[in-house]
Q: 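Below are the structure tokens for one structure; questions will follow.
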Protein chains: 2
Amino acid sequence: MDVRDQILAAATRQFAQNGFDGTTLQTISDEVGIRKPSLLYHFPSKDALRVAVHQKMLDHWNEALPRLLHAATSGEGQFDAVVSEMVAFFTRDPDRARLIVREVLDRPTEVSVLIKSHVKPWVDIVCNYIKKGQERGTIYDDVDPEAYVVQVINLVVASVATHACIGELVPAAQSGKVHRRHIDELVRVAKASLFKSVAAPAPAARARRASR
Amino acid sequence: MDVRDQILAAATRQFAQNGFDGTTLQTISDEVGIRKPSLLYHFPSKDALRVAVHQKMLDHWNEALPRLLHAATSGEGQFDAVVSEMVAFFTRDPDRARLIVREVLDRPTEVSVLIKSHVKPWVDIVCNYIKKGQERGTIYDDVDPEAYVVQVINLVVASVATHACIGELVPAAQSGKVHRRHIDELVRVAKASLFKSVAAPAPAARARRASR
DNA sequence: CCTACCGATCGGTAGG
DNA sequence: CCTACCGATCGGTAGG
């Protein structure tokens, strides 16, 4: 891996973990194994490094989103695909979620314009899908499409970002994946508040009931 | 208002807005109208000030929670009371939500032990209520009580904390309260994914449908 | 990519 | 509650 990518990786980790103001160019340089002025040769300022970190994540996101939105086409399957891929995207590297939440808190106005240009179009697509479902009668009539989508995104990102801390309230059902219960319930809440047809409980839920 | 409270108020606002590391004792002193060493007379260190800020919020919370949990006793009413009071508590001063989210990100292990001692007992109470509802048949069988409660708390706090930024994706239905749609949908999602009986749509939802 | 160095600002102290 | 001041560290530059 070339030096520039090492710097980006270290910066991403530390910005997510300790925040932008809580991170110094010194600690990033230390992690990479170079001197501070060498870092400033690759990125002209701390702020330029921050922008580069977020640009890289945005690129990842813009590449993943269209693929999954066009992958599935049938009713409930599409919804599962979108939510599952979102969860997968963030759980694969929880620092992504933490980074977003921090940026939303630190620079709300800047993130707001970025959301309107990059996220809004995708939200609208899912909204249209929900409205069609309402006309077809498969989706609850009193769902507020825009607000619903925003809440689900909010729920997924916040859930992953805070899981390391909050997740300990929900002990693992068994060894292995610690956050399966957490994520399963998230998906269940999102679906149960959207689709009229209550499908048969998922295997995980059935197993849980059996063990009580 | 005495000086100590002024310092606490200014610190709360700035910690929530710019984070702990993004706030300096100088800017807090400036807001209060005193010199930095005078601030350090009231609070021995920056960290002591942080602890005091969080202690004050925790006191508020510990005072509000038992009152509302014992206020309502009947089925769906109790749930509404708890969620509504939670939303009210945080929207009354959104900085409270931002402060919590920041602390969860900045000091996950410390917050974790605090949650286990101060929040866990209340979560257990709500969980028992959910389990009774499941036996009685009023609550969905495949709800995972602990995970559900954690997700709802997560949703409320994150929703309020990020509303200033994310909320702009959901334009106001009309003048006045900008976030009514946002909050209404939050409560709807929480309830629709819990209670089997789908009550008549709320007035707001009916009005929204009529306007389409 | 390094050494050497800079002004500014940080949290905190001395002393009144 | 103030003035005066401190060592440490910050982001960043000069120059090679």
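For the numbers below, each heavy atom of this structure counts, side chains included, while hydrogens, waters and symmetry mates do not.
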Q: Taking NZ, NE, NH1 and NH2 as the nitrogens, is one of them in B:Asp95 or B:Arg98 under 4.0 Å from a carboxylate oxygen of the other?
A: yes
Q: Hey, does the side chain of B:His54 reach the backbone of B:Arg50 with a donor-acceptor pair shorter than 3.5 angstrom?
A: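 A pair under 3.5 Å: yes.
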Q: Can you tell me how far P of C:dC1 sits from CG of A:Leu39, to the nearest Å?
A: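 It is 10 Å, rounded to the nearest whole Å.
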Q: If you only use heavy atoms from C-beta on, which nucleotide in D:dG12, D:dC1, C:dG11 is closest to the side chain of B:His42?
A: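 Among the listed nucleotides, the one closest to the side chain of B:His42 is D:dC1.
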Q: Can you tell if the side chain of B:Gln26 reaches within under 4.5 Å of the side chain of B:Asp30, non-hydrogen atoms only?
A: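 Touching, per the 4.5 Å side-chain cut-off.
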Q: Quick one: closest heavy-atom pair of B:Cys127 and B:Val149, and the distance?
A: SG-CG2, 4.1 Å
Q: Check this for me: B:Lys120, atom NZ, are more than 12 non-hydrogen atoms of other residues, nucleotides or ligands nearer than 6.0 Å?
A: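 No - once you tally the heavy atoms of other residues, nucleotides and ligands closer than 6.0 Å, there are 12 at most.
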Q: Would you check if the side chain of B:Glu146 reaches a backbone N or O of A:Leu169 as a donor-acceptor pair within less than 3.5 Å?
A: no
Q: For the residue pair A:Ala192 and A:Tyr140, what are the closest heavy atoms and their distance?
A: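 It is O-CE1, 3.4 Å.
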Q: Could you please name the option among D:dG12, D:dC2, C:dT13 that lies closest to any side-chain atom of B:Leu40?
A: C:dT13
Q: Does B:Leu65 offer a backbone N or O that forms a donor-acceptor pair with the side chain of B:Glu85 under 3.5 Å?
A: no
Q: Would you mind reading off the distance between B:Phe43 atom CZ and D:dC1 atom P, rounded to a whole angstrom?
A: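 Atom CZ in B:Phe43 sits about 11 Å away from atom P in D:dC1.
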Q: I'd like to know whether CZ of B:Arg35 has more than 12 heavy-atom contacts from other residues, nucleotides or ligands below 6.0 angstrom.
A: no
Q: Sort by first number and list every stem of DNA chain D: at least 3 consecutive Watson-Crick or G-U wobble pairs, both distances under 3.5 Å.
A: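 Result, WC/G-U stems under 3.5 Å: C:1-16 with D:1-16.
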Q: Given side chains that start at C-beta, do those of A:Leu49 and A:Phe20 come closer than 4.5 Å, heavy atoms only?
A: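 They are not in contact (no side-chain heavy atoms under 4.5 Å apart), so the answer is no.
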Q: Whole Å only: how far is the CD1 atom of A:Ile28 from the C1' atom of D:dG12?
A: 14 Å
Q: Check the distance between C:dG12's P and B:Leu49's CG and give it to me in whole angstrom.
A: 10 Å
Q: Does B:Arg102 count as lying over the ring of B:Phe15, i.e. NZ or CZ under 6.0 Å from the six-ring centre, within 45 degrees of the axis?
A: no
Q: Measure all distances between protein nitrogen or oxygen atoms and nitrogen or oxygen atoms of nucleotides 5-8 of chain D, and list the pairs falling under 3.5 Å.
A:
none

Q: Got a sec? Which of residues 7-26 of chain A come in under 4.0 Å of DNA chain D, heavy atoms?
A: A:Thr23, A:Thr24, A:Leu25
Q: CG of A:Asp47 versus C1' of D:dC10: gap in Å, rounded?
A: 15 Å
Q: Output the rounded distance in Å from CD1 (A:Ile34) to C1' (C:dT3).
A: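 In whole Å, C:dT3 C1' and A:Ile34 CD1 are 15 Å from each other.
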